Amino acid sequence: LHYAAIMKQQLCTRLVGAGWVLGFTLSSYHLVLLSKLTFCGPNKIQHFFCDNSPLFKLSCSDTSLLWKADSILISFVVLGSLCLILVSYMCIFHCILHMPAASGRKKAFATCSSHLTNLAIVYGSCIVLYAQPTEEVSLETNRIVALLNTV
């Protein structure tokens with residue numbers, strides 16, 4: 001509600017820069033680990049895109065470190081951003097509940113409900129796919145959830 005007062009050009013630039021630096025830093029570690037994988041046998045991934053779980057299943061290397069690194073990295077990124085969004089929504093709900101007009105509250109809740117539905121679908125599928133990856137993940141389940149996330 002105080003966006004114009006808080007979000008100045010310099011703060012916006014720093015936030016964008018921090019997002020890029022953090023993204024490249026975290027993904028570069030993951031890419032180094034991925035580059036060390038060796039493959040033997042089939043070279044076709046039964047998936048919509050080159051996702052981690054099917055790639056790990058094709059590898060002849062020990063992927064236990066990659067599973068753990070993936071779990072920690074994705075949990076940090078996905079769950080961390082989800083927590084920030086939920087805190088933001090708690091502040092929004094607090095403001096909505098203190099609105100004087102019932103019609104305004106209803107309209108605001110209607111808008112928020114569609115956002116929260118989208119949030120639940122996107123973050124729910126990301127958490128199922130990535131936040132707790134295990135080697136026993138069914139590729140069929142992974143494919144269905146990835147399709148939901150993509151759509």
Side-chain angles (χ1 to χ4, degrees), residues 1-96 108-151:
L1 298 176
H2 301 286
Y3 185 80
I6 296 171
M7 188 56 70
K8 303 290 185 206
Q9 180 70 29
Q10 187 178 18
L11 178 61
C12 185
T13 304
R14 286 182 180 171
L15 288 172
V16 169
W20 277 90
V21 168
L22 187 63
F24 278 118
T25 304
L26 293 175
S27 62
S28 64
Y29 174 73
H30 189 257
L31 288 174
V32 167
L33 291 175
L34 280 176
S35 69
K36 296 181 188 257
L37 289 178
T38 57
F39 298 95
C40 54
N43 62 353
K44 293 190 180 190
I45 295 177
Q46 298 297 319
H47 212 285
F48 301 108
F49 52 90
C50 187
D51 199 15
N52 290 340
S53 297
L55 189 64
F56 295 168
K57 297 261 186 204
L58 285 179
S59 175
C60 303
S61 309
D62 178 26
T63 57
S64 59
L65 177 62
L66 275 166
W67 284 107
K68 290 174 187 169
D70 247 19
S71 181
I72 292 168
L73 177 71
I74 298 300
S75 294
F76 173 72
V77 172
V78 171
L79 298 177
S81 64
L82 178 61
C83 287
L84 288 173
I85 291 170
L86 291 178
V87 166
S88 172
Y89 267 100
M90 286 172 30
C91 293
I92 291 169
F93 285 142
H94 178 73
C95 289
I96 291 172
F109 274 126
T111 301
C112 285
S113 66
S114 65
H115 292 171
L116 288 173
T117 301
N118 189 21
L119 188 77
I121 291 171
V122 170
Y123 275 92
S125 60
C126 280
I127 288 169
V128 167
L129 283 174
Y130 304 116
Q132 295 182 352
T134 62
E135 296 182 37
E136 295 83 34
V137 169
S138 160
L139 289 181
E140 185 63 30
T141 303
N142 189 299
R143 229 184 331 212
I144 292 168
V145 175
L147 179 63
L148 173 67
N149 191 12
T150 304
V151 170

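Along the sequence shown, the residues carry numbers beginning at 1. Side chains included, hydrogens not; waters and symmetry mates left out as well; all remaining heavy atoms used. Just so you know, these numbers come straight off a predicted model, no measurement behind them.
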Residue pair L119 / L86: nearest heavy atoms and the distance that separates them:
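Of all heavy-atom pairs spanning L119 and L86, the closest is CD2-CD2, 4.3 Å.
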
Distance-minimising heavy-atom pair for S59 and T38:
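Nearest pair, atom of S59 first, then T38: OG-O, 3.0 Å.
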
Value rounded to 0.5 Å, distance of [atom1] in [X] from [atom2] in [Y]:
{"X": "L31", "Y": "S27", "atom1": "CG", "atom2": "OG", "answer": "5.5 Å"}
{"X": "C91", "Y": "I96", "atom1": "SG", "atom2": "CD1", "answer": "11.5 Å"}
{"X": "I85", "Y": "I92", "atom1": "CD1", "atom2": "CD1", "answer": "10.5 Å"}
{"X": "K68", "Y": "T63", "atom1": "NZ", "atom2": "OG1", "answer": "10.5 Å"}
{"X": "D62", "Y": "W67", "atom1": "CG", "atom2": "CH2", "answer": "12.0 Å"}

So [Y] and [X], do their side chains get closer than 4.5 Å, heavy atoms only?
{"X": "Y123", "Y": "S81", "result": "yes"}
{"X": "V77", "Y": "L22", "result": "no"}
{"X": "Y89", "Y": "L84", "result": "no"}

Sequence neighbours left out, what passes ring-ring contact (aromatic ring centres under 6.0 Å, His included) with F93? Give chain and number order.
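Checked F93 against ring-ring contact (aromatic ring centres under 6.0 Å, His included); matches are F109.
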
Taking only residues two or more places apart in sequence, or in another chain, which ones meet F39 in a ring-ring contact (aromatic ring centres under 6.0 Å, His included)?
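So F39 forms no ring-ring contact (aromatic ring centres under 6.0 Å, His included) with any residue.
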
Those residues that, when tested against C40, pass disulfide bond (SG atoms under 2.5 Å apart) (two or more places apart):
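C60.
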
Evaluation steps, side chain to side chain contact (heavy atoms under 4.5 Å, CB included), between F56 and L34:
CA-CA 9 Å; F56 295 168; L34 280 176; 3.5 Å; yes

